[in-house]
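What you see is a predicted model, and the numbers here were worked out from it, not measured in a lab. Labels below follow one simple rule: chain letters A, B, ... track the order of the sequence lines, proteins then strands, and each chain is numbered from 1.
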Amino acid sequence: MSQRAGSLAAVRLATWNVNSVRARLDRVLAWVQRSDVDVVALQETKCKDAQFPAQAFEDIGYAVAHHGLSQWNGVALLSRVGLADVRTAFAPDVPEFGDPPVVEARAIGARCGGVDVWSLYVPNGRGLQDPHYPYKLAWLESLRAAGAGWLAADPAAQVALCGDFNIAPTDDDVWDRTFFEGLTHVSEPERAAFGALDAAGFTDVVRPHAPGPGVYTYWDYQQLRFPKRQGMRIDFVLGSPALAARVSGATIDREERKGKGASDHAPVVVELAAQPPA
DNA sequence: ATGGTAGTCCGACTA
């Protein structure tokens with residue numbers, strides 16, 4: 001637990017799009033408890049702050065920060081290793097959407113166990129001709145610029161960009177590339193935006209521990225996609241160089257997608273090794 | 001089984 005310069009304890013970090021925290025609170029609580037995670041980034045809580053079941057998480061030992069403005073979107077951080085410097089925007093100029101335009105509840109960040117953890121719910125895009133699509137690309141570029149700025153200011157920063165990126169970065173990350181022809185999540189501009197995050201220094205820390213093809217984090221509720229193993233890999237933990245260097249393991253908890261009342265996304269867990277004093 | 005989603009607040013939107 002020492003926070004002396006250079007010294008950090010091991011951390012188990014998770015990200016999970018829960019597709020409504022209220023509709024499946026029992027499942028979320030049970031998963032958090034049995035998974036022994038220190039920090040959890042939740043997306044699609046689908047509630048306002050006053051509706052978020054903070055007490056239930058506090059009762060099992062977690063500090064809570066939630067950002068929700070309506071029944072849509074909504075992101076949260078749970079932490080049992082500290083939760084400080086909470087922010088609900090990664091930049092002063094995060095793109096807006098809607099009428100009237102607003103900054104939606106798609107990001108929350110905090111310092112947890114010496115790591116700057118962000119829970120991110122990237123806009124879906126909806127369609128290549130939909131206004132939501134350029135919004136998605138602008139939102140990702142805003143995130144990239146913010147992240148590049150953090151690393152320019154401190155190349156040793158420990159940053160984890162966790163969440164549902166709504167992008168399948170390679171053809172191995174969808175069950176059938178031809179099915180997605182003309183759809184979002186696989187288009188070149190989206191993949192370029194994801195690649196720009198990598199180029200800025202934020203690398204996918206899970207893939208080395210969960211190689212594909214056929215390894216996914218999301219399966220549509222429709223068309224029996226899960227039992228047919230027809231999924232997409234769209235949920236990620238992107239680590240800064242200093243954070244990526246500490247990753248000792250990662251898993252996609254496909255079991256949690258099973259059964260009645262499952263989210264359509266599986267939780268993703270990353271293990272960060274302790275870092276001795278510099 | 002010749003089929004087959006689920007969440008929000010209540011007909012339609014979102015994913």
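With respect to A:Arg177 and A:Asp171, a salt bridge is recorded, a charged nitrogen being found less than 4.0 Å from a carboxylate O. The pair A:Lys228-A:Asp220 does not meet the salt-bridge criterion, since no charged nitrogen lies less than 4.0 angstrom from a carboxylate oxygen.
Annotation: B:dT8 and B:dG4 have their C1' atoms spaced 22 Å apart (nearest Å). Nucleotides B:dG7 and B:dG11 are separated by 15 Å at their C1' atoms, to the nearest Å. A distance of about 12 Å separates the C1' atoms of B:dT14 and B:dC9, rounded to the whole Å.
Nucleic acid contact for A:Tyr121: sugar-phosphate only, since backbone atoms but no base atoms lie under 4.0 Å from a heavy atom of the residue.
Both A:Arg22 and A:Asn166 lie close to DNA chain B; mapped to their nearest nucleotides by heavy-atom distance, the more 5′-ward contact belongs to A:Arg22. When each of A:Gln71 and A:Arg126 is assigned the nucleotide of DNA chain B with its nearest heavy atom, A:Gln71 is the one assigned upstream, toward the 5' end.
Judged purely by distance below 3.5 Å, without hydrogens or angles, the side chains of A:Ser263 and A:Asn19 never pair a donor atom with an acceptor atom.
Using bins of under 30°, 30° to 60° and over 60° for the plane-to-plane angle, the ring pair A:Phe57/A:Phe52 lands in the parallel bin.
You'll find the side chain of A:Leu161 stays beyond 4.5 Å of the side chain of A:Phe90, heavy atoms only.
Taking every nucleotide of DNA chain B with any atom under 4.0 Å from a non-hydrogen atom of chain A, the first and last of them, 5' to 3', are B:dG4 to B:dA15.
Remark: A:Arg12 pairs with A:Glu271 by the salt bridge (charged side-chain N to carboxylate O under 4.0 Å, His left out) rule, at least two apart or across chains.
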